[in-house]
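To keep things clear, I will list the structure first and then write my remarks on it.
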Amino acid sequence: MLRRSLLRGAAALAVVPRAGWAAPSAAPRRVRPGDPGWPDAQAWESLNKAVGGRLIEPKPLLEACISNGQSDACKATLKAMFNPFFLGDQVSGAQVSGWYNAWAPAVSARAVAARNTADVQAAVNFARNHNLRLVVKGGGHSYQGTSNAPDSLLVWTRPLRDVTVHDAFTPSGGREAVPAVSVGAGAVWLDVYDAVTTKAGRYAQGGGCTTVGVAGHIQSGGFGSLSKTFGTAAGSLLEAEVVTADGVARIVNQHRDPELHWALKGGGGGGFGVVTRLTLRTHPLPGVFGGVNGRLQAKTPEAWRALVARFVAFYAERLASHPWGEQVAFRPGNVLTLSLLTQGLTEDAMRALFAPFVAWTAEPANGIETVEPVEPWSTPGRDFWNVAGMRAGGVKAMHYDERPDARPNQGWWRGDQDQVGMFIHGYDSLWLPKSLLAPSRQSQLVDALVEGARAAPIMFHFNKGLAGAPADALALSRDTATNPKVLDAFTLVIIANGGPPLYPGVPWKAPDPATPRNDAQAVDRAMAPLYRIAPDGGSYVSESNFFNARWSEAFWGENYPRLLRVKRRYDPEGLFFAHHGVGSEDWSADGFQRLA
């Protein structure tokens with residue numbers, strides 16, 4: 001069995017260019033079905049044989065509904081599409097269903113369901129040699145639609161979901177051994193948490209949503225609930241296996257191809273190659289996770305401004321020096337909601353920390369109604385992602401994957417349900433510098449929040465700004481491609497809205513165009529006063545505005561020229577294209593037409 005696998009891998013590797021390979025002159029336009037040069041049936045069959053019969057002709061996610069909206073198959077798919085694990089398990093699935101005036105789900109012409117690195121190499125070589133548009137998809141969480149393109153060849157890495165925990169791992173060419181975990185490119189963060197935290201009692205810095213793909217998350221920088229303590233997920237990348245545009249599978253780390261290794265740490269998913277495996281540093285597991293939830297409403301505009309001002313001051317005085325993550329929202333209707341998370345604090349300690357703020361809100365003269373009490377909660381660190389245990393205990397904070405063939409550890413937070421299949425109307429993000437927390441600038445921040453929150457909810461994601469993080473976390477995050485502005489930011493502001501799924505074939509009508517247009521404009525109005533006080537704050541590539549005209553500066557800042565050099569070294573002809581990805585300025589918006 002082992003010998004057969006090795007022989008098949010050797011056969012696939014035989015077509016991989018070796019030293020001395022030079023990129024052919026790229027044609028000015030990639031081919032589509034029906035164009036001269038589109039692969040014929042014999043060529044596709046040769047690829048199918050090279051990948052062990054795993055070449056797929058994808059069908060739309062709701063194909064059953066397109067042919068018969070009343071069929072049992074359609075009804076079953078409609079029910080399942082609100083399960084993010086189901087969406088990830090479909091070659092044509094995407095975790096969001098498009099973006100108003102930006103992109104819509106479209107199946108690729110063919111897809112390779114890669115089960116090993118040799119499959120990926122065969123797909124990359126085929127796409128390059130036949131001048132095809134190539135896309136890569138793992139978790140399928142791209143809000144920008146970067147793993148979605150009609151008339152393309154898709155490299156689907158979802159089957160690569162192995163997770164191996166190491167007590168001691170030494171990167172190739174290195175000497176120091178550290179605790180780590182190796183993860184296949186198709187794994188989602190819950191796969192990692194289950195192996196590393198629930199079973200092994202350690203922590204891997206990853207995403208908050210359980211179904212976020214590990215490979216895409218790392219390549220985009222990667223924030224999680226505990227980033228204020230452990231830095232970005234990309235900062236923990238010790239080593240990666242990546243197939244570059246020449247078809248070579250490279251083991252990259254700080255000793256081997258160090259510039260490519262650096263670019264993979266936040267330079268954008270699918271822009272430099274196809275990652276097949278990652279090895280990440282693991283960390284000691286906090287003994288306890290906890291948080292504070294609450295909902296407050298001001299009775300008058302004056303009380304609202306006072307509430308916003310009091311919370312900003314309270315955060316600056318008592319929370320900014322603690323590793324608090326997750327969210328606070330300033331909402332239309334004069335509503336403040338708290339959904340914060342931390343580690344290492346008892347419930348009594350959290351209650352004491354928040355006591356001055358809670359006492360202020362309880363004063364009748366301040367005009368604040370407590371809709372939901374500001375209360376702490378806690379749980380042992382090892383139990384935080386123990387989905388099987390939560391399922392057995394009837395914990396209602398999570399939805400569980402009830403499909404008969406589902407893994408027992410699959411579930412997703414109830415607070416993430418609205419994102420599943422969402423059709424995005426408007427979206428923007430902005431890092432806010434810690435200087436805005438200085439007493440002399442707090443009034444500017446408060447004015448911007450009060451003005452902006454009239455138009456749309458303003459979400460502060462404290463874990464996605466690293467100001468106040470410990471020195472070791474800052475050092476790891478600094479050695480990544482992410483915009484250095486994040487190191488000085490106390491929060492990432494996200495303002496977004498959307499509607500129900502609009503995959504092709506849904507039985508309900510798309511909204512009147514005025515609805516998503518008005519929603520998108522509301523996002524712009526809400527963000528405008530924040531841009532005035534932080535015009536150069538920067539934006540997080542994975543959670544950002546599709547239409548950001550200053551994308552390279554916003555996503556990568558001073559790191560962009562270096563990223564462009566890496567791109568031109570390892571992908572000189574632009575085989576790997578993503579919307580607003582490194583080097584995408586050389587191509588048309590759909591990635592088919594070379595502009596320069």
Taking [X] for the side chain and [Y] for the main chain, is one N or O donor matched with an acceptor at less than 3.5 Å?
X	Y	result
Trp431	Lys464	yes
Asn463	Gly224	yes
Thr210	Gly411	yes
Arg110	Ser152	no
Gln219	Ala215	yes
Ser477	Ala473	yes
Ser97	Leu502	yes
Thr197	Gly201	no
Arg202	Thr282	yes
Lys137	Val91	yes

Gap between atom [atom2] of [Y] and atom [atom1] of [X] - 0.5 Å precision:
X	Y	atom1	atom2	answer
Glu63	Asn68	CD	CG	12.0 Å
Tyr143	Met422	OH	CE	5.5 Å
Leu319	Phe311	CG	CZ	6.0 Å
Asn148	Thr146	CG	OG1	9.0 Å
Phe546	Tyr100	CZ	OH	14.0 Å
Leu353	Met350	CG	CE	9.5 Å

Which atom of [X] lies closest to which atom of [Y], heavy atoms considered:
X	Y	answer
Gln95	Pro84	NE2-O, 2.8 Å
Ala102	Phe547	CB-CZ, 3.8 Å
Pro500	Trp508	CB-NE1, 4.4 Å
Gly389	Asn386	N-OD1, 3.0 Å
Ser542	Ser220	OG-CB, 2.9 Å
Ala195	Val165	O-CG2, 3.9 Å

- [ ] Give the intermediate values and the outcome of side chain to side chain donor-acceptor pair (under 3.5 Å) for residues Gln327 and Ser339.
- [x] CA-CA 5 Å; Gln327 303 163 32; Ser339 182; 5.8 Å; no
Parallel, tilted or perpendicular: which one describes the rings of [X] and [Y], with boundaries at 30° and 60°?
X	Y	value
Phe460	Phe330	perpendicular
Phe289	Phe384	tilted
His425	Phe423	perpendicular
Trp44	Phe126	tilted

Can a donor-acceptor pair be found between the side chains of [X] and [Y] at a distance below 3.5 Å?
X	Y	answer
Gln144	Ser544	yes
Ser539	Ser429	yes
Trp412	Gln417	yes
Thr232	Gln205	no

Evaluate the side-chain proximity of [Y] to [X]: yes if any heavy-atom separation is below 4.5 Å, no if none is.
X	Y	result
Thr198	Val387	no
Leu238	Val178	yes
Val183	Thr279	no
Thr77	Phe86	yes
Arg158	Asp89	yes
Val328	Leu336	yes
Asn83	Val420	no
Leu338	Asn293	no

TODO: Give the C-alpha distance, both sets of side-chain angles, the deciding distance and a yes or no for ring-ring contact (aromatic ring centres under 6.0 Å, His included) between Trp324 and Phe354.
DONE: CA-CA 12 Å; Trp324 288 92; Phe354 275 78; 5.5 Å; yes
Open item on the list: Using the rule given for side-chain contact (heavy atoms from CB on, under 4.5 Å), can you reason through Asp428 versus Leu430, listing the C-alpha separation, both sets of side-chain angles and the distance that settles it, and then say yes or no?
Closed with: CA-CA 7 Å; Asp428 205 353; Leu430 178 68; 6.0 Å; no
Do the charged groups of [X] and [Y] touch, with an N to O distance under 4.0 Å?
X	Y	result
Arg407	Asp191	yes
Arg391	Glu402	yes
Arg54	Asp119	yes

- [ ] Would you please test Phe272 and Phe576 for ring-ring contact (aromatic ring centres under 6.0 Å, His included) and show each step?
- [x] CA-CA 6 Å; Phe272 300 91; Phe576 299 105; 9.0 Å; no
TODO: Quick one: do His461 and Thr491 satisfy side chain to side chain donor-acceptor pair (under 3.5 Å)? Show the steps, please.
DONE: CA-CA 5 Å; His461 291 246; Thr491 192; over 6 Å; no
TODO: Please test Thr164 against Ser182 for side chain to side chain donor-acceptor pair (under 3.5 Å), starting from the C-alpha separation and ending with a verdict.
DONE: CA-CA 5 Å; Thr164 303; Ser182 293; 6.0 Å; no
Task: Sole residue of Val242, Leu278, Thr480 in side-chain contact (heavy atoms from CB on, under 4.5 Å) with Leu264 - done: Val242
Open item on the list: Atom CG of residue position Asp162 - does it have more than 12 heavy atoms of other residues, nucleotides or ligands inside 6.0 Å?
Closed with: no
Task: CA sep, side-chain torsions, deciding dist, call: Asn497, Val523, side-chain contact (heavy atoms from CB on, under 4.5 Å) - done: CA-CA 8 Å; Asn497 52 41; Val523 170; 3.3 Å; yes
Open item on the list: Quick one, Asp194 with Val192, criterion side-chain contact (heavy atoms from CB on, under 4.5 Å). Give me CA distance, side-chain angles, the key distance, then yes/no.
Closed with: CA-CA 5 Å; Asp194 183 63; Val192 180; over 6 Å; no
Task: Residue pair Thr229, Gln343: steps toward the side chain to side chain donor-acceptor pair (under 3.5 Å) verdict - done: CA-CA 9 Å; Thr229 298; Gln343 78 278 347; 2.5 Å; yes
Task: Audit row: Tyr400, Phe85, side-chain contact (heavy atoms from CB on, under 4.5 Å) steps and yes/no - done: CA-CA 10 Å; Tyr400 304 104; Phe85 286 94; over 6 Å; no
